[in-house]
Amino acid sequence: MKYHYSIDMDTDNSLSIILKNIRKGAKVFEFGPSDGYMTAYLKHELECEIFCLEIDPEAAQKASEYCDKMIVTNLSELSWLEEINEDFNSFDYLVFADVLEHLINPEQVLKTVVEKLLNDDGEVLISLPHIGHTAVIMELMSGRFEYKETGLLDRTHLKFFTRDNVANLLSDAGLEPLEWHTVCMWPEQTELEESYNQVPQPVAEFLQQKPDAHVYQFITKSRKKSITLEKEEGNQPADQFSSYRHSQFNQLFWHGEEGFSESDSIRLPLLQSDQYHTYSFEFETSDIHSLRFDPCNFLSLIHIRSMKLYRVNESNQFIEMHIDGTGVHVLHDAILLDTENGTTAAAIGSDPQFIVNVHNPEYAAGKFRFEIEMAYSVRLNEKLTSTVFEEMQIRSSALMKTEEMAEQLNSINVQLHESDQKISFLENHVKQLIEMNQDYVKLYEQLNQQKDDYIRENTALRSSLSWKVTAPLRAIKKIMIRK
């Protein structure tokens, strides 16, 4: 099985662009599904009804797990259409993802399939490689035209396309484009690995200014031509979309009042791996205190040889500014391995981030250029792999200890909370006892006062004349009581 790809819906690549243009629950005919990597997404994520046609029996068997009907045959023969005559003009989408370039007569096949299968409101989604990419042109300038297993010069390609060829293909098939998407790559990022450094500078500048210079693939969304619309409105221009987002890139952010944001950043495509390249970012800002540099967007080994920051003065000259001599500081998804000769780091995730401090606060506003000389590699040698592994073990151990300490701290917090509750209960109880004691003290004082009053009254009574006069009577009473 020759072709297998993974689906990455977070970036703009030919597969994600096609899938994002298919509505949920639609009826789709996918041509050349290979082993069903896109078919599975259509079935499980978009819940589509799917018909497929695949020439490779082994791949067809795997893809059939995800489709409602699989036809194993050669697309160009067209006799297979008789198998599905009940489904003529019923499909919402026809999908040709890197398929038509493998046919001897793609125009005739596309026209017939559109006429037989597409419904009146249906759309055709096509991706095609671009033979006019500057990597191919530089290959020809070097006297080479070497076929590859995959890519722009896939050895099974029978037809080659530029933008005009794609437009003619659609027109001949009775289609009008609604949208043109282009997926772009620098020459160094293609499987040809050509570089503008290999040609004279005037030639490099000329090639880079060429229309569609870096277009790697064209992706079109089309519908059937409408005679009525053509007569009334004429040919309407299709929407144009272009993206380098699928590529490997680095990115610079400059820090303003609200922190780092995508709107205040620049992306540059990464050039050939295992070689040093200087990446230059020019930007303008009213506030710069620190920079965030994301060296790549994949797992790799990174070495930064030098960093320089320039500011444009009144004479429009670039004046070098001071950058923190301690180099970069890891913010996310990276491990520093060595800082003696530049900075060597391992990107351990897809979003490594470094902070670069700027020590010129008086020059916080203006035009700037940040230059960084770096190399990256996706191949780790044994020593570096061991170093990264040891560092990961150390971090893992530290993380486990941190988690243990966090559990202990949580247990202590629970105990402290329980102690606080007991202390609160005792404080309330003591407060109640104090209040009760105060009441008892008041009662004691009242009773003591009453006793004093009684003693005073008794003393006064015994000292009175009446008490003395009646003394004989009290004595007689006592005698009578005894008898």
Side-chain angles (χ1 to χ4, degrees), residues 1-9 13-119 121-129 149-150 154 156-159 173 175 217 219-222 224:
M1 191 182 312
K2 181 175 180 179
Y3 303 103
H4 175 82
Y5 303 96
S6 58
I7 303 295
D8 179 8
M9 296 301 291
N13 55 77
S14 60
L15 300 182
S16 68
I17 292 171
I18 288 174
L19 290 170
K20 288 174 184 178
N21 277 282
I22 296 176
R23 61 176 171 80
K24 196 170 185 178
K27 187 173 182 179
V28 180
F29 204 124
E30 181 187 3
F31 296 90
S34 187
D35 61 358
Y37 50 86
M38 190 158 64
T39 320
Y41 189 94
L42 289 168
K43 173 60 68 177
H44 298 311
E45 301 297 329
L46 298 181
E47 300 175 1
C48 294
E49 179 184 358
I50 311 161
F51 283 39
C52 289
L53 185 147
E54 172 61 46
I55 193 171
D56 182 347
E58 181 184 353
Q61 184 178 2
K62 293 185 177 181
S64 62
E65 177 183 348
Y66 311 111
C67 66
D68 298 277
K69 183 174 179 61
M70 170 63 73
I71 302 173
V72 183
T73 188
N74 187 334
L75 171 58
S76 297
E77 291 179 358
L78 296 177
S79 57
W80 56 268
L81 285 166
E82 298 174 4
E83 295 183 34
I84 56 169
N85 53 18
E86 294 181 359
D87 294 280
F88 279 2
N89 303 119
S90 66
F91 290 91
D92 300 304
Y93 298 96
L94 306 180
V95 177
F96 297 87
D98 296 334
V99 170
L100 297 175
E101 65 271 23
H102 299 273
L103 306 182
I104 296 175
N105 191 355
E107 298 85 356
Q108 184 58 45
V109 171
L110 182 60
K111 180 179 180 180
T112 302
V113 170
V114 168
E115 290 176 350
K116 295 290 186 180
L117 301 182
L118 193 65
N119 64 38
D121 297 318
E123 295 175 348
V124 182
L125 297 164
I126 299 172
S127 64
L128 289 164
E149 288 302 312
T150 60
D154 186 315
T156 62
H157 287 181
L158 301 178
K159 295 288 184 178
L175 295 171
Q217 285 174 297
I219 301 95
T220 61
K221 180 172 76 172
S222 307
K224 290 180 179 178

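In this chain, numbering begins with 1 at the start of the sequence shown.
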- Query: Looking only at heavy atoms, what is the nearest atom pair of N89 and E115, with distance?
  - Reply: ND2-O, 3.0 Å
- Residue pair H157 / P129: nearest heavy atoms and the distance that separates them: CE1-CG, 3.6 Å
- Relative to the ring of F29, is the ring of F51 parallel (under 30°), tilted (30 to 60°) or perpendicular (over 60°)? tilted
- Note on the structure: Rounded to the nearest 0.5 angstrom, the CD-NZ distance for E49 and K43 is 7.5 Å
- Message: Test side-chain contact (heavy atoms from CB on, under 4.5 Å) on Y41 and L15; report intermediate values, then the result.
- Response: CA-CA 10 Å; Y41 189 94; L15 300 182; over 6 Å; no
- Message: Would you compute the distance between atom CG of L117 and atom CG of D92 and round it to the nearest 0.5 angstrom?
- Response: 12.0 Å
- Query: Has K224 got more than 12 heavy atoms of other residues, nucleotides or ligands less than 6.0 Å from its NZ?
  - Reply: yes
- Task: State the CG-CG distance between L100 and L158, to the nearest 0.5 angstrom.
- Result: 11.5 Å
- Verify, without hydrogens or angle tests, whether E123 (side chain) and Y93 (backbone) share a donor-acceptor contact under 3.5 angstrom. no
- Qualifying residue for side-chain contact (heavy atoms from CB on, under 4.5 Å) with I18, from T220, I126, I219: I219
- Task: Take L46 and V28, measure what side-chain contact (heavy atoms from CB on, under 4.5 Å) needs, and give me the verdict at the end.
- Result: CA-CA 11 Å; L46 298 181; V28 180; over 6 Å; no
- Kindly indicate, with the supporting measurements, whether the criterion side-chain contact (heavy atoms from CB on, under 4.5 Å) is fulfilled by L42 and V95. CA-CA 11 Å; L42 289 168; V95 177; 5.6 Å; no
- Item | Shortest non-hydrogen separation from D154 to H102 and the atoms involved | OD2-CE1, 4.2 Å
- Message: E47: which residues meet the salt bridge (charged side-chain N to carboxylate O under 4.0 Å, His left out) condition with it, sequence neighbours left out?
- Response: K24
- Polar side-chain atom of D35 near backbone of A63 as donor-acceptor pair, under 3.5 Å: no
Side-chain donor-acceptor pairs under 3.5 Å in residues 74-82, sequence neighbours left out?
residue : atom : partner : partner atom : Å
N74     : OD1  : S76     : N            : 3.0
W80     : NE1  : L75     : O            : 3.1

- Message: Return the CD1 to CD distance between I50 and E30, rounded to the nearest 0.5 Å.
- Response: 7.5 Å
- Note on the structure: Here the gap from N21 atom CG to S16 atom OG, rounded to the nearest 0.5 Å, amounts to 10.0 Å
- Task: To the nearest 0.5 Å, tell me how far T73 OG1 sits from E54 CD.
- Result: 11.0 Å
- Any idea which heavy atoms bring S64 and Q61 closest together, and the distance? OG-O, 2.6 Å
- Query: Step by step, would you call K27 with D87 a salt bridge (charged side-chain N to carboxylate O under 4.0 Å, His left out)?
  - Reply: CA-CA 10 Å; K27 187 173 182 179; D87 294 280; 2.8 Å; yes
- Task: Looking only at non-hydrogen atoms, find the nearest pair between P33 and M70 and report the distance.
- Result: CG-CE, 4.2 Å
- Measure across S14 and D98 and return the closest heavy-atom pair with its distance rounded to 0.1 Å. OG-OD2, 4.4 Å
